[in-house]
Amino acid sequence: MPPITDDTEGTRIMVKLDDLLYARRMTLTELAERVGLTLANLSILKTGKAKAIRFSTLAAICRELECQPGDLLAYDDEQPQ
Amino acid sequence: MTISDTRTKDPLLAVATVLIWLILGITAFAGIIVTICIPGVILFGAEFVEAPQLNPLSTETKALICGLLAGVAALLYLFWRFFRAMQGIVRSVGEGDPFVPVNADRLTQMAWTVLAINIAAIPLAALGLHIARLVGENGGSMKGAFDLGGIILAITLFILARVFRQGAAMRNDLEGTV
């Protein structure tokens with residue numbers, strides 16, 4: 001298995017929170033209140049600036065948006081380095 | 001909210017800050033006085049240090065006294081550097097962000113400084129004793145020139161530096177985690 005080469009490796013993970021929120025007609029502020037996260041942290045996740053996500057955060061988002069982790073995250077193989 | 005937003009209002013930190021400023025001030029003042037004494041001894045001999053009974057000092061004794069004073073000034077400078085590093089650490093704790101690589105560097109610097117002070121104190125104590133004997137004064141003994149506590153402090157600081165380096169790396173991992 002090839003090792004993690006650099007810090008940009010994580011940028012290949014896409015967060016599709018925007019799409020899910022749009023589909024559920026929910027605002028980021030509303031989701032933040034429901035999952036108990038700060039709006040600032042959720043915004044970091046939404047804009048793809050987060051380096052990591054806790055299982056507890058992922059589970060709470062999946063619970064509120066009634067989705068699977070795979071609906072929220074995707075791996076983009078084509079993204080340029 | 002980022003970690004750096006969380007400023008602590010620990011009374012211990014406030015006391016430490018004041019104490020460190022005080023020590024820095026005293027050390028700097030002492031360093032200036034000792035440095036001024038070097039040309040003073042060269043020009044005016046023992047009268048400069050209000051010990052006219054020791055005059056006339058030979059050139060060799062004057063040179064040894066100047067060497068001792070220079071050594072003491074160097075020790076005071078190291079002492080000052082130690083507390084400057086400590087000041088930086090205390091400030092970062094006050095800002096709520098102590099686990100940064102620069103604090104590991106500061107602790108390493110403090111450890112080397114303590115080690116240097118302890119090692120340099122031995123020849124300086126010997127020189128002081130030699131000068132005292134030259135001028136017929138009782139210079140005491142070499143007891144206390146070697147301080148085991150200082151060596152233990154240096155080792156502790158080296159270990160703490162590694163703890164901080166590890167902590168900084170772990171904090172870096174957590175940065176950006178939601």
Side-chain angles (χ1 to χ4, degrees), chain A residues 3-21 26-65 67-76 79, chain B residues 1-17 84-113 156-178:
Chain A
I4 296 169
T5 49
D6 54 60
D7 285 347
T8 60
E9 190 86 28
T11 60
R12 289 175 180 272
I13 297 295
M14 288 168 56
V15 180
K16 299 183 287 181
L17 187 58
D18 230 1
D19 299 342
L20 285 170
L21 284 171
M26 195 186 287
T27 64
L28 197 64
T29 311
E30 197 180 339
L31 181 64
E33 283 168 5
R34 287 190 183 194
V35 299
L37 272 182
T38 63
L39 186 59
N41 268 347
L42 213 50
S43 182
I44 287 170
L45 181 65
K46 195 191 85 168
T47 53
K49 288 174 186 166
K51 284 188 193 168
I53 180 167
R54 288 187 182 89
F55 280 168
S56 57
T57 305
L58 190 59
I61 293 172
C62 287
R63 184 192 68 223
E64 292 304 324
L65 296 179
C67 66
Q68 291 298 312
D71 300 327
L72 183 68
L73 305 173
Y75 178 69
D76 183 7
Q79 194 179 323
Chain B
M1 187 171 65
T2 62
I3 296 169
S4 56
D5 290 333
T6 53
R7 284 182 169 271
T8 56
K9 287 184 178 170
D10 189 339
L12 180 71
L13 287 180
V15 171
T17 304
R84 278 290 289 170
M86 189 188 278
Q87 191 180 40
I89 292 171
V90 169
R91 192 183 301 122
S92 71
V93 174
E95 287 167 356
D97 193 15
F99 285 106
V100 284
V102 71
N103 274 350
D105 294 341
R106 283 176 179 140
L107 282 164
T108 306
Q109 185 204 321
M110 286 166 76
W112 282 116
T113 309
T156 308
L157 287 167
F158 276 125
I159 292 167
L160 274 177
R162 276 159 178 73
V163 170
F164 264 71
R165 208 171 294 284
Q166 186 74 20
M170 286 169 75
R171 204 213 67 165
N172 195 36
D173 277 350
L174 277 176
E175 192 96 322
T177 300
V178 293

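Lettering of chains follows the sequences in order, A, B, ..., and the numbering in each one begins at 1. Note that the structure is a prediction, hence the values are computed from the model and not measured.
Residue-environment remark: CE (B:Met170) stays at or below the threshold of 12 foreign heavy atoms within 6.0 Å. Shown here is A:Phe55, whose CZ atom has no more than 12 heavy atoms of other residues, nucleotides or ligands within 6.0 Å. Residue-environment remark: CZ (A:Arg63) exceeds the threshold of 12 foreign heavy atoms within 6.0 Å. Under a cut-off of 6.0 angstrom, the local environment of CD in B:Gln166 is sparse, with at most 12 non-hydrogen atoms contributed by other residues, nucleotides or ligands.
Between A:Lys51 and B:Glu175, the shortest heavy-atom contact is CD-O, 3.5 Å.
Counting heavy atoms from C-beta outward, A:Lys46 and B:Val178 have side chains that stay 4.5 Å or more apart.
Proximity to chain B is limited to the side chain of A:Ile44, based on heavy atoms less than 4.5 angstrom apart.
Comparing A:Leu42, A:Thr57, A:Leu37, A:Leu58 by how many heavy-atom pairs each has under 4.5 Å with chain B, the most go to A:Thr57.
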